[in-house]
Amino acid sequence: MTLAPSSRNGQAVWSDTQLLYALEEVVETELNRHLGVAKEWMPHEYVPWSDGRNFDGVMGGEAWAPDQSKVSDVGRIALVVNLLTEDNLPSYHHEIATLFGRDGAWGTWVHRWTAEEGRHGIVMRDYLLTSRAVDPVQLERFRMAHMGEGFESDNNHSMLHTVAYVAFQELATRISHRNTGHHSGDPVCDRMLARIATDENLHMIFYRNLLSKAFELAPDQTMCAVRDVVVGFRMPGHGMPGFERAAAQIAIGGIYNLRIHHDDVLQPVLRFLKVLQISGLGPDGLKAQEELGLYMGGLDDQATKFDERREALLARRRARAERD
């Protein structure tokens with residue numbers, strides 16, 4: 001096939017197929033780097049099996065009650081959201097395998113990523129059930145409802161948009177897991193989620209480096225994809241039952257909110273890639289770069305207002321608790 005891009009208004013225009021071929025060597029390099037630094041780990045080693053006992057039902061054990069959980073209230077909410085997100089791995093695999101393919105370095109990465117992500121759901125569910133951190137009946141009903149709805153990415157129309165999205169999303173997931181561990185109140189949970197977060201960070205680096213090469217090959221198209229993804233960003237679990245209420249509680253609890261999204265997810269990737277400093281763009285790329293800069297400024301303002309409202313709410317809660 002022809003690897004050379006077509007031209008429009010003096011700017012190169014790459015098809016998804018051309019970019020897949022052009023980036024194959026970079027994918028192979030990044031895959032080899034990933035395999036060289038990724039550490040093997042065993043999910044069962046992070047689960048407190050000795051704490052486990054039978055639940056009620058066919059085993060005739062003890063029914064779950066909230067006071068059995070060692071995890072904080074906001075920790076329980078975040079853990080359920082995080083696990084339900086991991087549960088949709090079959091859909092995520094289908095999405096990226098369809099876009100990236102199942103052959104060559106792309107296919108090897110798709111399967112490796114899927115295998116590593118699979119560990120996360122395994123260890124989280126085993127921990128939650130063994131430690132009785134959450135209601136197992138509600139968790140399973142949520143899982144069935146969430147997976148029954150399926151998952152369709154906002155970016156499955158474009159390989160570039162998908163690469164841009166996962167560069168940010170993997171970091172967002174890492175931050176969410178890490179902060180959930182910090183706020184869980186259980187050192188065992190914190191250690192488990194720290195291990196998961198290490199994987200997510202390596203996944204982010206893979207996609208971030210791939211996005212960097214895409215900027216070299218197709219700067220205008222990549223800039224437009226990054227703008228679209230940043231402006232329309234949604235976490236992959238947005239369709240799960242009760243997500244909006246859970247997200248609000250997670251935001252107030254300091255696990256993931258606008259300030260964290262701006263400062264710890266968007267800014268690090270944009271800054272590393274020097275997205276707002278890239279020169280030599282065509283009209284479309286310049287427009288997208290300007291719009292991205294304006295959006296980030298507006299998001300920072302929104303985050304500041306959120307911080308003020310959050311602090312006022314927390315102050316009222318503290319005062320009420322002191323009165324009680």
Side-chain angles (χ1 to χ4, degrees), residues 40-93 114-151 173 176-200 235-250 252-256 321:
E40 181 183 57
W41 62 279
M42 301 299 159
H44 69 269
E45 295 181 355
Y46 289 82
V47 179
W49 299 106
S50 60
D51 292 348
R53 58 191 187 276
N54 292 342
F55 287 99
D56 58 334
V58 296
M59 299 296 292
E62 181 183 0
W64 183 83
D67 60 4
Q68 297 167 2
S69 177
K70 300 176 183 177
V71 175
S72 64
D73 290 344
V74 71
R76 284 202 298 274
I77 293 167
L79 281 163
V80 170
V81 169
N82 291 354
L83 177 55
L84 290 179
T85 300
E86 300 286 357
D87 278 334
N88 252 339
L89 181 61
S91 290
Y92 308 148
H93 174 86
T114 303
E116 291 185 1
E117 289 287 343
R119 285 177 177 156
H120 303 168
I122 290 169
V123 70
M124 288 180 68
R125 175 167 281 100
D126 286 347
Y127 164 79
L128 292 179
L129 296 181
T130 301
S131 67
R132 293 182 171 247
V134 301
D135 182 347
V137 174
Q138 184 184 60
L139 181 66
E140 177 60 11
R141 287 172 177 165
F142 278 165
R143 187 189 71 84
M144 289 295 292
H146 187 39
M147 294 191 70
E149 288 293 320
F151 173 81
T173 304
S176 178
H177 282 313
R178 203 68 194 93
N179 287 344
T180 299
H182 289 328
H183 288 273
S184 68
D186 181 8
V188 175
C189 179
D190 192 23
R191 183 172 60 232
M192 172 195 65
L193 292 176
R195 177 57 261 188
I196 292 174
T198 299
D199 281 359
E200 303 291 9
M235 290 295 272
H238 61 82
M240 68 181 59
F243 179 78
E244 291 185 2
R245 176 175 172 78
Q249 292 169 305
I250 288 168
I252 294 168
I255 290 176
Y256 200 95

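For the side-chain hydrogen bond (donor to acceptor under 3.5 Å, both in side chains) test with R178, the passing option among T198, T173, D190 is D190; the others fail.
A 6.0 Å sphere centred on CD of E140 holds more than 12 heavy atoms belonging to other residues, nucleotides or ligands. Annotation for E244: atom CD does not count as buried by contact number, only 12 or fewer foreign heavy atoms lying within 6.0 Å.
Scanning for ring-ring contact (aromatic ring centres under 6.0 Å, His included) contacts around F142 gives an empty result, with sequence neighbours left out.
No donor-acceptor pair closer than 3.5 Å links the side chain of W64 to the backbone N or O of F55. Counting only distance, with no hydrogens or angles, the side chain of S72 and the backbone of H183 share a donor-acceptor pair below 3.5 Å. Proximity of a side-chain donor or acceptor of Y92 to a complementary backbone N or O of T85 within less than 3.5 Å is detected.
In this structure, L83 CG and M124 CE are separated by 5.0 Å, a value rounded to the nearest 0.5 Å. Here the CG atom belonging to D135 is positioned 8.0 Å from the CZ atom belonging to R141, to the nearest 0.5 angstrom. The CD1 atom of I250 sits 6.0 Å away from atom CD1 of I255, with the distance rounded to the nearest 0.5 Å. Between L84 atom CG and R143 atom CZ the span is 9.5 Å, to the nearest 0.5 Å. Rounding to the nearest 0.5 Å places CG of L139 at 12.5 Å from CE of M144. Here the CG atom belonging to L193 is positioned 7.0 Å from the CG atom belonging to N82, to the nearest 0.5 angstrom.
By the 30° and 60° cut-offs, the orientation of the rings of H120 relative to W41 is parallel.
The two residues H146 and P241 come nearest to each other via the heavy atoms CB-CD, 4.1 Å. Listed here is the closest heavy atom pair of V74 and G253: CG2-CA, 4.0 Å. In plain terms, the two heavy atoms of I77 and A246 that are nearest each other are CG2-CB, 3.7 Å. The two residues V71 and R76 have their closest heavy-atom pair at O-NH1, 3.1 Å. Residues C189 and Y127 come closest through the heavy atom pair CB-OH, 3.2 Å. Residues W49 and H44 come closest through the heavy atom pair NE1-O, 2.9 Å.
S176 has its side chain out of reach of E200: every pair of non-hydrogen atoms, C-beta onward, lies at least 4.5 Å apart. Between Q249 and D73 there is no side-chain heavy-atom pair separated by less than 4.5 Å. Within the 4.5 Å cutoff, no side-chain heavy atoms of R132 are placed close to those of K70. Side-chain atoms of Q68 and R53, non-hydrogen and from C-beta on, do get closer than 4.5 Å to each other.
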Subject >> Full working for side-chain contact (heavy atoms from CB on, under 4.5 Å) between E86 and H177 >> reply: CA-CA 11 Å; E86 300 286 357; H177 282 313; 3.2 Å; yes

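Neither side chain, S131 nor D186, offers a donor N or O lying under 3.5 Å from an acceptor on the other.
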